[in-house]
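What follows is one structure encoded as structure tokens, with my remarks underneath.
What you see below is based on every heavy atom in this structure, not just the backbone, and it leaves out hydrogens, waters and symmetry mates.
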Amino acid sequence: MIKLSEDLSIQKLTAADQPELNELMQEIYIPSYKHIWSDSGDWYLDQMYNPDAFQKDLDNPKSHYYYVLYEGWKIGVLKYSYPESPTLIDFPNSLHLHRIYISKEYQGKGVAAQLMKRVESIARERGLKYMWLEVMDTQLQAQRFYRKMGFEWIFTYHLDYKKLLPKYRGIQILRKSLT
């Protein structure tokens, strides 16, 4: 367990956590994103959190995957990897922030900002030049948050997930320079 503040900590995920992680993501992801999927997001959750996909994430030496805990309660997940560059555009020597999902009840309490500061600190300690992430072009609140944290738009592309409704397929790549 890594303590980030008096109330906030992160706990590294293990293979044994897969069933509980899947359950947590059902509670966090589905209420927030079911409107963007033709099947309410079940396909996506299965793709990201099934036992094989989860084990593949854990086996990747570049990947770092955590529960987010607030006052000891599991309220979300954090996943990042380094060094990793986007497929469509090259950012050498970069950290990819894959996921920050926080339960709605804990949003607006500064949790995401604390997590971002922790991840940025790790990237700087490792001598990385950039942090980058992907955000849906329809998620304006998330975009404002990331811009507030110093990220800039670099590139937009479209996901081809068949169960993702067409108007939600736009993905922005945002990057923050650490130099």
Side-chain angles (χ1 to χ4, degrees), residues 10 13 21 25 28-39 41 43-50 53-54 56-66 68 76-104 107-108 110-179:
I10 56 176
L13 287 163
L21 173 64
M25 293 312 297
I28 293 174
Y29 187 87
I30 297 296
S32 295
Y33 294 97
K34 66 182 174 187
H35 67 283
I36 71 172
W37 297 98
S38 64
D39 69 346
W43 175 86
Y44 176 78
L45 288 183
D46 182 59
Q47 294 297 304
M48 296 299 127
Y49 302 104
N50 74 65
F54 181 61
K56 185 178 176 184
D57 281 340
L58 293 180
D59 290 345
N60 181 348
K62 296 178 180 182
S63 182
H64 305 271
Y65 214 159
Y66 300 90
V68 177
V77 296
L78 168 67
K79 181 183 175 209
Y80 59 89
S81 58
Y82 62 85
E84 186 176 328
S85 184
T87 305
L88 301 171
I89 189 167
D90 190 30
F91 304 150
N93 207 17
S94 299
L95 181 143
H96 178 196
L97 179 60
H98 287 272
R99 296 185 185 113
I100 292 184
Y101 287 121
I102 306 295
S103 179
K104 277 192 179 208
Q107 292 176 9
V111 171
Q114 288 182 65
L115 294 170
M116 293 292 288
K117 288 176 186 173
R118 168 71 180 179
V119 172
E120 182 175 336
S121 174
I122 289 165
R124 289 182 183 281
E125 289 169 9
R126 305 299 184 278
L128 301 175
K129 293 182 181 177
Y130 302 102
M131 287 176 54
W132 67 278
L133 55 87
E134 295 167 302
V135 62
M136 298 178 95
D137 64 5
T138 56
Q139 294 292 324
L140 302 180
Q141 182 179 350
Q143 290 174 34
R144 281 190 296 274
F145 170 74
Y146 293 131
R147 285 190 172 84
K148 182 178 169 185
M149 299 302 294
F151 285 81
E152 299 176 314
W153 174 88
I154 300 294
F155 188 79
T156 300
Y157 71 96
H158 287 84
L159 285 175
D160 62 356
Y161 294 165
K162 289 185 180 6
K163 295 195 183 272
L164 184 62
L165 299 176
K167 76 179 200 175
Y168 297 106
R169 293 184 181 183
I171 301 293
Q172 294 183 0
I173 294 177
L174 305 180
R175 180 179 74 179
K176 180 176 183 173
S177 176
L178 302 176
T179 55

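- Checked options Y49, Y66, Y29; the residue passing with Y101 is Y29 (criterion: ring-ring contact (aromatic ring centres under 6.0 Å, His included)).
- With hydrogens and angles ignored, the 3.5 Å screen pairs a side-chain donor or acceptor of Q143 with a backbone N or O of M136.
- For residues 158-179, the pairs satisfying salt bridge (charged side-chain N to carboxylate O under 4.0 Å, His left out) are E120-K176, with sequence neighbours left out.
- The shortest heavy-atom contact between A53 and Q47 is CB-O, 3.3 Å.
- Of all non-hydrogen atoms in G76 and I28, the two that sit nearest each other are CA-CD1, 3.6 Å.
- Applying the side-chain contact (heavy atoms from CB on, under 4.5 Å) test to I30 and every residue at least two apart in sequence or in another chain returns Q26, K34, D42, L45.
- Remark: the backbone N or O of S63 is not paired with any side-chain donor or acceptor of S81 at under 3.5 angstrom.
- Judged as a side-chain hydrogen bond (donor to acceptor under 3.5 Å, both in side chains), and not counting sequence neighbours, T87 has no contacts.
- Taking the six-membered ring for Trp and thresholds of 30 and 60 degrees, H96 and H98 have ring planes inclined between 30 and 60 degrees apart.
- In terms of the side-chain hydrogen bond (donor to acceptor under 3.5 Å, both in side chains) criterion, T138 has no residue partners (sequence neighbours excluded).
- Contact record, P86 with I173: CB-CD1, 4.0 Å, taken as the closest heavy-atom pair.
- Residues L164 and L159 approach most closely at CD2-CD1, 3.9 Å, considering heavy atoms.
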Let me see the working for V119 and L78 under side chain to side chain contact (heavy atoms under 4.5 Å, CB included), right down to the final yes or no.
CA-CA 9 Å; V119 172; L78 168 67; 3.9 Å; yes
For a quick test of your reading: what N or O donor-acceptor pairs under 3.5 Å do the side chains of residues 144-152 make, sequence neighbours left out?
none

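- Heavy-atom minimum distance, L115 versus I102: CD1-CD1, 3.8 Å.
- For K129, there are no salt bridge (Lys or Arg N to Asp or Glu O under 4.0 Å) partners two or more places apart in sequence or in a different chain.
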